[in-house]
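Proteins get letters first, then strands, A, B, ... in listed order; numbering begins at 1 in each.
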Amino acid sequence: MEHPPLISVEGLSKRFPTRAGDVHALEDVNFSIPRGSIVGLVGESGSGKTTLGRCILRLVEPSEGRVMFDGQNILDLPPKELRALRRRMQIIFQDPFSSLNPRMRVRTIIEEGLIAHRLGGTSRERRDRVATLLEEVGLQADHMTRFAHEFSGGQRQRVGIARALAIEPEFIVADESVSALDVSVQAQILNLLLDLCEARNLTMLFIAHDLSVVEYLCDQVVVMYLGHVVENGSTALVHSQPAHPYTTALLSAAPVPDPFAGRDRNILKGEIPSPLSPPSGCVFHTRCPLMVEHCRQAVPELRAVGGRRVACHRAEDVLAMGPATGAAATL
Amino acid sequence: MRKLVLLLATASSLCLSGGAFAAGTMNVALIGEVDTLDPMISTKAVVNMVTQHFYETLYALDESWEPQPLLAAGPPEYSNGDKTIRIPLRTGIKFHDGSDMTSADVVDSLNRWLEVSPRAKEFKPLVKTITADGDDAIVIELTDSYAPLLSLLSFPSAPPVVVPQEIISADQLTATVGTGPYTLAEYKPDQYMRATRFDGYQSPEGAPSFLAGERQQNLDEIRFIPVPDANTRMEGLASGQFDYADGIQIENYDRLLESDATEPVLMEDAFAPNFALNHKAGLMTNPDLRKAVQYALAPEDMLLAAVGNDVFFEADGALYPKGHVWHNEAGVEEYNVNDPARAKQHLDAGGYDGTPLRILTSHQYEFHFKMAEVAKFYLENAGFKVELVVVDWATLGEKRNDPKEWDIYITHSPFLPDPAINQLLSADSNIGWSDPEKDAALKELATETDLEARKEIFAHIQELYFRDVPYIKVGNISELRGSRKGVTGVPLGPWMVFWNAKLPD
Amino acid sequence: MSAVTASATHAGPLRVLLQNRVVTLSIVVLGIFAIAAIFAPYLTPYQPNGLSMRERLLPPSSEHWAGTDELGRDIFTRLIYAGRVSLAVGLGVAALASVFGVVLGILAGFFSRLDPAISRLLDAMMAFPDVLLAIALLAAFGGSLLNLIIALAIVFTPRIARVVRASSLVVRELTYVEAARALGVSTPRILFHHVFRNITSPIIVQATFIFAAAMLSEAGLSFLGIGIDPSMPTWGVMISAGRQYIDTAGWLILFPGLAITICVVALQLTGDGLRDALDPRIRKSI
Amino acid sequence: MHTSSPPLAPPTLEVTALQTSFIYKRFSVKAVRDVSLRLERGKTLALVGESGSGKSVAALSLMGLLPPAGRIVGGQAVYRQADGTTHDLARLQRRQMRRLSGPDLAMIFQEPMTSLNPLLTVGDQIVEMLLTHERLSREAARKRTLDILRLVEIPAAERRIDDYPHQMSGGMRQRIVIAMALVCNPALLIADEPTTALDVTIQAQILDLMRRLQAELGMSILFITHDLGVVAEIAHQVAVMYAGEVVEQAEVGQLFSSPAHPYTQGLLSSIPHAMRKNPEEGRRARLNPIPGSVPPIHALPEGCTFRPRCPHSEQRCTLPVTLETAGPGHRTRCWKWEAVQWSTRH
Amino acid sequence: MVSYLRTRLLGMVLTVLIVLVFVFFIARLAPGDPAELLLGPDASAADAEALRERMGLNLPVPVQFLSFLGQLLRGDLGTSIFYRQPVLEVMAARAEPTILLTLMSLAIAVTIALPIGIYGAYRRGGAFDQGAVAVAMLAAALPNFWVGLLLQKYLGTDLGWFPVSGYGNPDASIWERVQHLVLPSIALGFAQSAIILRFSRASMLDVLGDDYIRTARSKGISERRVVLRHALRNALIPIVTVIGLSFALLISGAVITERVFNLPGVGSLIVGAVLRRDYPLIQAALIVVAALYILVNFLIDMIYLAIDPRVKY
C-alpha cells in the first residue's frame with residue numbers, strides 16, 4: 001500500500017520580512033506526499049498552509065529547506081529547468097473570480113500552458129484538446145469561446161481545473177479550491193476532483209480549513225498551526241484519535257451538520273498569536289488546555305506516536321484521554 | 001445677502017478712493033520690469049528711461065536731438081585734427097552718496113562704458129586713451145576722428161553715465177549711485193521702484209528741452225510700477241491708480257481722449273521695426289531673393305497689424321522720418337512696392353527652389369509676431385515658402401548670432417541720433433552686410449565732420465541700403481501713452497522722464 | 001445579484017457606455033469636433049491665415065459666423081483649424097503619456113526591485129506643479145508642436161504611471177497571474193496578456209482625462225506665451241492673442257474659450273462614462 | 001432541548017409573503033420573492049440558503065437597512081413586543097424604525113472587519129447606542145458598556161474599551177458587534193452570517209457565546225447562514241431559502257431527519273460526511289450533489305423554481321406552488337413532499 | 001514611528017535631490033541665456049559673449065553644477081541675475097500675494113465645494129446633486145485664465161466691484177491688497193472647487209456605502225448623527241489628501257492667474273525667470289516650490305496620523 005513519495009518537504013522555512021519584523025510563515029516543515037495519494041493540509045488562517053502550498057511549487061521562494069520532487073530538489077533548479085518542471089505540477093486556486101483572466105477567452109486560458117510548453121501541436125489540435133478537457137471537467141466544448149465572467153462560480157472552478165490539467169501534471173496543489181463555493185456546488189467539484197485523481201492517477205495536496213471536506217477526500221492529513229506541522233498521519237486515524245490538543249480542538253470546533261449529535265465541545269480560549277512574534281517553546285502553548293511548564297520552553301519534535309507523527313510533548317496523554325476526555329479537560 | 005452687497009459696495013468705493021495720494025508723488029506704469037539697474041549694459045528703453053532719473057551723462061539731447069551739456073560744462077574742444085577731444089566738466093556736482101564728482105570718476109565711468117556698452121562697440125577701437133585733465137576736464141585721445149562722438153555720449157541707450165569710481169566693479173555696478181535728480185529709495189522687483197528727490201542735486205541751466213535744460217525736481221517721489229499687461233495699465237490709468245502709463249493700446253485712444261480723468265499722449269515716429277536679412281548664410285545671401293522679399297512685402301498692412309490703427313504709424317521707407325535732420329528720400333521708390341509679380345520675377349531670377357524662408361521672431365514683442373504673420377502671408381503670396389520660427393526673446397538673441405539658424409529676424413530700434421552708430425549698417429553686425437562701396441561710405445561718415453557733407457554720404461548709404469536690402473525698415477510707429485489729465489512737464493520722446501513733471505492740483 | 005452583474009457585464013462596455021444619454025451626446029460632440037478638424041478645408045471658404053486688413057475685428061455676421069480677428073481673418077475658420085492642433089495636442093499627449101506611464105508603471109508595479117527608484121522619480125515629477133514643469137521643459141526643448149506634446153506628455157506621465165503601478169500591484173497579486181507563472185508562462189507574456197491587458201480600463205479612463213487636461217494646459221501655456229509656436233493657432237493662442245480686444249471685440253476670446261470648454265466637458269463626461277462602463281467595481285453596484 | 005413548545009404564545013416575528021425588489025432606472029430585480037417566517041419568542045430561527053438566495057436582503061428588509069435602490073414591495077413582517085404591541089416592519093416609517101432599532105431589534109453583520117467605525121473607539125460606539133435609547137449619564141453608559149464587554153468575554157475590558165477597532169482581531173470585533181447589538185436588551189436579534197468570516201475555532205467561541213447569551217437574555221434570534229453545520233449547532237427552527245423564496249420551514253430535527261423539499265434534501269446530501277470509502281472497489285464513494293446551478297434571478301423558471309434541478313419534477317411543477325404543511329410547524333413549498341420524505345428514508 | 005520618519009525623511013531628501021539635478025540641467029538645456037536679455041535688442045554677439053564671460057556663464061555646465069551644489073551646501077541658493085538680490089529674498093518679497101491667493105482660493109473652494117459635495121452625495125442622484133455635479137464638470141473645464149479675463153471684464157471693469165488687477169500701491173493696506181485678490185481667488189478657486197466637490201462627493205459616497213454606516217443605522221441613531229458623526233469624519237480623511245495634492249494644482253493655477261491679474265507673486269516671478277534665463281532664480285524657485293509640495297504632503301501624512309487611529313507608522 002505504501003508508495004514512494006512524489007514530494008517530500010524537508011526542513012522548509014519561510015519568513016517574510018516586513019517593516020515590523022519578520023513574519024514567521026513556515027518553521028521547519030517536514031512531510032511527504034506519496035505518489036497517487038491525496039494529502040489534506042488543514043489549519044486556520046495564519047497557519048501558513050497557503051504559503052506552504054506556494055513554496056512547494058516554488059511560486060514563493062522559501063527561506064530554507066528542500067522540496068524534493070521525484071528526487072529533484074526544485075529549489076535548486078535554474079529558472080529554465082524550473083519552467084520545464086512546471087509542466088509536471090499544477091495548482092488550482094481558491095477564488096474562482098480572481099483566478100481567471102477576465103480579458104481572455106476560456107480557450108486561451110486553457111491553452112496557455114500548452115503553448116508555453118509547446119505541447120498542443122497545431123492550433124486545431126489544441127482546440128480539440130481544449131474541447132475534450134472542457135467536457136472532462138463537466139463543461140461543454142462550445143464554452144471555450146466565452147469569457148470567465150459569463151460563468152458561475154462552480155463553472156469557473158471547472159475552468160481552473162481544466163487549465164491545470166491541460167498540461168497533464170502529475171501533481172496538483174488544490175488551494176482551498178472548494179471553500180468559496182456553495183455547498184451544493186462544492187459537492188460537484190469534490191466529485192470531479194475525485195474522478196480526475198482516479199482517472200489520471202494524480203497526486204494531490206488538498207489545502208482546506210474545512211475538516212469534513214478533508215476527512216471525506218484525503219488519505220492523509222497534515223495539521224498546521226502557526227507555521228508548524230503539529231500532526232500528520234492517515235486521515236482516518238487523525239480524525240478518530242487525534243494526538244495533538246490542537247487537532248482535538250479543531251475537530252471538536254467544526255460544526256457538525258447533525259442536530260442530534262452531542263454538543264460537548266472543546267472550545268479553545270483566545271486566538272492564534274501573531275506570526276510576527278510566535279510564542280516560545282510549543283507555539284500552541286498559549287491556548288493549550290494541557291499546557292505544562294515544559295511546553296513553554298522546549299519546541300516539541302515531530303515524532304511518531306500511535307501510528308502518526310505529532311509535535312506535542314503530551315501526545316501520549318492526549319491519546320490516553322481520547323477525544324471526549326480531551327474536551328472535558330478544557331471545560 | 002444685503003450685508004454682502006454692502007460689503008461689496010464698500011470694497012469698490014475703497015478701491016476707487018485708493019487713487020488719492022500725497023501730493024508730489026507720481027505713479028508711473030511701465031510696460032514691464034526694469035531688468036537691470038545698470039544702464040550702461042542695456043539698450044532696453046524701459047531700463048534707460050528709469051535709470052536716467054538716477055544717472056546722468058556728459059551731454060543730453062534736446063528737442064531737436066542736438067547734444068547739450070549736462071555734466072559737461074560746455075561743448076567739447078577738438079584739436080589734433082579732431083583726434084583729441086577735451087571735455088570740460090561742471091564742478092560741485094554731488095553723487096547721491098554725498099561725494100563730489102571728480103574727473104577720475106568720469107574717466108573710470110567712460111572706460112567701463114567702453115567695455116560693456118553695446119553702443120560703444122563701433123567707437124571703442126578708435127579710443128587710444130581717456131584721461132583726466134585736472135579736476136574739471138577729461139581728454140579723449142582717438143586714433144581717428146569720429147563724428148558721431150557727441151551723439152553717442154548723449155544718446156540715452158546703454159549710455160556713458162557717470163558713476164562714482166567706488167561702485168564700479170569688474171562686471172557690475174555695486175550700487176545705484178549717480179548724480180541724477182532722483183535717488184533710488186526702494187526697489188521691490190516686479191512691484192514698484194520708488195525714486196525720491198535728491199536734495200543735493202545741481203541742475204544744469206537753460207530752459208527744459210526734452211532731456212536737456214533745467215531739471216526742476218517738482219515731484220517728491222516717482223513710483224515706477226511694472227505692469228506688463230496693457231489692459232491693466234489702461235484700467236489703472238482710468239481708475240486713477242496711475243498718473244502716467246506707457247504703452248497704451250491704440251484702441252484706447254478715444255477712451256483716453258473722451259474721459260474727464262485722462263488724456264492721450266501720442267509720441268509720433270517713436271521707433272521703427274526692422275526685418276533683418278541674413279547676408280552671411282542661407283537664402284538671403286542671394287540678392288535676387290532679397291529683392292523678392294523687398295518687393296513682396298506690404299509694409300502698410302504689416303504696420304496696421306502691428307499697431308492696429310493707421311493714425312499711429314507711417315508707411316515710410318526712409319531710414320529717418322520726415323523732419324528729422326538725417327531724413328532723405330534717396331532710393332525710397334524701392335519701398336512699399338508690394339508687387340507679387342515683380343517679386344516673382346526676382347524669385348525666378350534668383351532660382352528659388354522652394355527652400356523655406358525662416359523668419360525668426362519673438363512673441364514677447366507681440367507686434368513683431370503680428371508683422372511676421374502678415375509678412376508670411378504676402379511672401380507666400382509671392383511664391384516663397386515661409387516658416388515662422390517663434391521663440392522667446394532669449395532664444396532669439398542667441399539664434400540670430402548663428403547665421404545657420406535664420407533668414408530673417410525681426411527687431412526694432414529707436415531713431416539713433418547719428419546714423420554712424422547704427423549697427424545694422426556695419427559689416428560685422430549679425431546680419432553681415434558687407435559691400436566695399438558701403439563700407440567706404442560708412443567709414444567716411446564716421447570721420448567727416450561737416451554735417452552737410454555727412455548728410456550726403458548718408459543719402460548715398462541709404463541708396464545702397466535700398467539696393468542691397470541689408471534689412472527692411474518697415475515704417476515709423478508712434479507710441480501712445482496715457483496721462484492723468486493735467487499732468488504737465490513730461491517731455492515727448494522715446495523716453496519718459498519726470499524730473500520736470502507736475503501733478504494737477 | 002451576481003447573476004444580474006454577469007448579465008450587465010455581458011452587455012459589453014460599449015453598450016453600457018452608450019446607454020448613458022449624456023455620454024452619447026458627449027461622444028457625438030467630440031465626433032463633430034474631430035470631423036471638423038479632419039475636414040477643415042472643406043467646411044469653410046476661408047483660409048486660416050488668409051488675412052485681410054480691411055476686414056479687421058468684424059463682429060459675427062452671416063458672412064463671418066464668429067467674426068474676424070485683428071488681422072481680418074475669419075475666426076470660425078481659425079477655430080476649426082485651431083481645433084486640429086488643440087485636439088492633436090490632447091491626443092498626442094494622452095497617447096505619449098500613456099506609453100511612458102505604462103512602461104514606468106508596469107516596471108515599478110511588477111518588478112519590486114525597480115519600484116523605489118521609479119516611485120522616487122515619479123514623486124519628484126509630481127512635486128512640480130504641472131504648468132511650471134511644462135514651462136521648464138519647454139524652455140529647455142524650445143517651443144514647437146512636437147516639443148509641447150513631449151513636454152506635456154512628460155508632465156502627465158506620473159498620472160498614468162501611478163495608476164498603472166497601483167493596478168499592476170493589484171493584478172500582480174491576482175491568482176490568474178500566479179496561475180500563469182505556475183503554468184510556466186514567460187514573464188513578457190505575463191506582463192502583456194495578464195497584467196497590461198487587465199489594466200487597460202484605468203489607462204483609457206486616465207488617458208481621456210489627460211486628453212482634456214492637456215488641452216487646458218496647452219491653452220494656459222499659450223496664454224503665457226510659452227506654449228506652442230503661435231503661428232500655428234490653437235484655441236489657447238487665439239484667446240491669448242485676443243485678450244487685448246476683450247473690451248472692443250469680445251468675440252475674439254469668447255469663441256475659442258467656448259470651444260475649449262465644450263470639448264473638455266465632453267471629454268470629461270466621456271471619461272466618466274468610460275469609467276462607469278469599464279470599471280467593474282462600479283458596475284457591480286449599479 | 002430542541003423541541004419547541006407548542007406554538008401557543010404568539011411569535012416574536014411573523015413574516016408573511018415578504019417581497020423586496022431592487023429598482024433601478026432601467027430594470028428591477030426581485031431579490032426576495034416570497035418569504036414567510038415564524039420566529040417564536042426566545043428561540044433561534046436559522047434562515048439558510050446559498051449565495052444569491054435572498055436571505056441577506058430579507059434580513060435587511062426587516063431592519064429597514066436596504067440600500068437606496070431596495071424597496072419592500074409586498075407582504076408583512078409583524079414584530080410583536082413583549083407587551084403585545086405589534087409593528088409591521090415592512091411598513092414602518094424611518095423614525096419609528098429608529099425607535100425600535102436597538103431596544104427591540106438589533107443586528108449583527110457578517111464582516112466584523114468593516115462593520116465598526118474605524119475612527120471611534122469601541123467603547124464610544126457602544127456608549128452611543130446606549131445614549132441614543134436610554135436616559136443615562138455618560139458614566140453610567142460607560143459602566144453598562146464595561147458590563148456588556150465583560151458579558152461577551154472581552155478580556156481586560158477596562159483597557160480594551162478605549163481601543164479602536166483596528167487594534168482588535170476579527171473574533172474580538174465580532175464580540176464587540178454582539179455587545180453593541182445586545183447592550184439595549186433587544187427582543188429580536190438578526191444575525192447575518194455572523195461567523196462566516198471567522199476561523200472555525202473562533203466560530204465555535206462565538207456560537208457558544210450567542211447560545212449562552214440567548215439563554216441569559218432571552219431574545220429571539222433570526223440567524224442567517226449558509227452553513228448547515230452551524231444551523232445544526234444553534235437553531236431551533238430552520239427556514240430554507242431558494243431563489244428568493246422560503247421553500248421549507250421546520251424544526252431543526254425535523255428538517256435534518258426528514259426534509260420535505262428536494263432542495264433541502266439535496267443540500268443535506270451535498271455535505272461531505274466522514275469516510276465513505278467503499279473498500280471493495282478501492283474507490284471512494286461519491287457525494288450526491290444537486291445537479292446544475294442556481295438560475296439567474298432574472299430568468300427563473302415558471303412554477304416551482306427548483307424544477308430544472310429536481311429529481312422529482314414532473315409536468316405539474318410548472319404551475320405555481322404554495323407552501324404546504326408537512327407536519328406540525330413544518331411547511332414546504334413542494335406538493336410532492338411525501339415522495340421526497342420517503343426517498344430520504346430509503 | 002521613528003524608523004518610519006527616518007525612511008520618510010530620507011525619501012524626501014532623495015526626491016529633493018532628483019528635483020535639484022533635474023532643475024539644474026533643465027535650466028541649462030534652454031537655448032539663450034541672460035546675457036542676451038540684459039543687453040537688449042540691439043546688442044551683438046560679441047557683447048553677449050563678453051557679458052557671459054563676466055557672469056561666469058561660459059564655464060562648463062558640470063563645473064557650474066558643482067559650484068551650485070557647493071553653494072547649496074552652504075545654504076546659499078544663489079543670487080538672481082536680474083534682481084541682483086539673493087534669490088530667497090527675491091522670492092520672499094513675492095511670497096505674500098501668492099500665499100494669500102493660494103489660501104483665499106483654497107478657502108473659497110473648500111467652503112463652497114465641501115458642503116455641496118457632501119450634501120450631494122447624501123442626496124445622490126437628486127436634482128441638487130445632479131446640478132452640483134454638472135456645475136463642477138463645467139468649472140473643471142473652463143480655462144482659468146479665460147474665467148479670469150471674463151471676471152476682470154464683468155465684475156471688475158463693467159461693474160467696478162473689485163480692482164481689476166495688480167496688487168495695489170506700495171503703501172496699500174492689507175485690506176486693500178486682499179481686495180485685489182478677490183477676483184484672482186475666485187478665478188483660481190473656481191476650478192479648484194470642482195476638484196474638491198467631485199472628490200468629497202465621491203469620498204462621501206464611498207463611505208456611505210461602508211458597512212459601519214449600516215451598523216450605525218442599525219443602532220437607531222438619528223440620520224444627522226449617522227451622516228455627521230459616522231460618515232463625514234471618515235469621508236474627510238481622503239479629502240485631506242486631495243487638498244494636499246491640490247497644492248500643486250494651485251501653484252500651477254497661480255502661475256497663470258497671477259499673469260492675468262498682474263499680481264507680483266511667485267508664479268509670475270518664475271515665468272519671468274524662465275523667460276529671462278535667470279538660472280539661480282529658476283533653480284531656487286522650482287526647488288522651493290517642489291520642496292514645499294513635498295513638505296505639504298508630509299504634513300498631510302502627519303495629519304493622517306492625528307486623525308486616523310488606524311494609521312501607525
- Polar side-chain atom of E:Thr15 near backbone of C:Ala124 as donor-acceptor pair, under 3.5 Å: no

- Query: When only pairs under 4.5 Å are counted, which of E:Gly267, E:Ala254, E:Pro143 shares the most heavy-atom pairs with chain C?
  - Reply: E:Pro143

- In terms of heavy-atom contacts, does CZ of C:Arg84 have more than 12 from other residues, nucleotides or ligands at under 6.0 Å? yes

- Query: Quick one: what part of E:Phe22 sits under 4.5 Å from any heavy atom of chain C, side chain, backbone, both or neither?
  - Reply: side chain

- Note on the structure: What one should report as the nearest heavy-atom pair of E:Ala141 and C:Leu216 is O-CD2, 3.5 Å

- Query: For residues 186-199 of chain E, which residue pairs qualify under salt bridge (charged side-chain N to carboxylate O under 4.0 Å, His left out), counting only residues two or more places apart or in two chains?
  - Reply: C:Asp272-E:Arg198

- Task: Anything in residues 282-291 of chain E with a heavy-atom distance to chain C below 4.5 Å? Please list those residues in order.
- Result: E:Leu286, E:Val289, E:Ala290

- Contact class of C:Ala212 relative to chain E, heavy atoms under 4.5 angstrom: neither

- Task: Indicate yes or no: at least one non-hydrogen side-chain atom of E:Leu149 is less than 4.5 angstrom from one of C:Ile239.
- Result: yes

- Please report the shortest heavy-atom distance between C:Arg120 and E:Gly11, naming the atom on each side. CD-O, 3.6 Å

- Side chain / backbone / both / neither for E:Val255 at chain C, heavy atoms under 4.5 Å: both

- Task: Applying ring-ring contact (aromatic ring centres under 6.0 Å, His included), name anything that partners E:Tyr293, two or more places apart in sequence or on another chain.
- Result: none

- Side-chain contact test, heavy atoms from C-beta onward, threshold under 4.5 Å: evaluate it for C:Phe128 versus E:Val19 and give yes or no. yes

- Task: Locate the shortest heavy-atom distance separating E:Ala140 from C:Val264; write the atom from each residue and the value.
- Result: O-CG1, 4.4 Å

- Query: Hey, are the side chains of E:Trp146 and C:Thr261 touching, using non-hydrogen atoms and a 4.5 Å cut-off?
  - Reply: yes

- Message: Looking at chain E, which one of C:Gly236, C:Ser240, C:Gly220 has the largest number of heavy-atom pairs inside 4.5 Å, strictly under?
- Response: C:Gly220

- Query: Tell me, side chain or backbone of C:Met126 under 4.5 Å from chain E's heavy atoms, or both, or neither?
  - Reply: both

- C:Cys263, C:Ala127, C:Ser217, C:Ser119: which one forms the most heavy-atom pairs within less than 4.5 Å of chain E? C:Ala127

- Query: At their closest point, which heavy atom of C:Leu224 faces which heavy atom of E:Arg259, and how far apart are they?
  - Reply: CD2-CG, 3.2 Å

- Quick one: of E:Ile294, E:Val16, E:Val271, E:Val260, who has the most non-hydrogen atom pairs under 4.5 Å with chain C? E:Val260

- Message: Surrounding CZ of E:Phe25 (heavy atoms of other residues, nucleotides or ligands, distance under 6.0 Å), is the total greater than 12?
- Response: yes

- Side chain / backbone / both / neither for E:Val296 at chain C, heavy atoms under 4.5 Å: neither

- Message: At under 4.5 Å between heavy atoms, what parts of residues 251-260 of chain C are in contact with chain E? List them by residue number.
- Response: C:Ile253, C:Leu254, C:Gly257, C:Leu258, C:Ile260

- If you tally heavy-atom pairs under 4.5 Å against chain E, which of C:Ile135, C:Asp123, C:Leu132, C:Ile262 wins? C:Leu132

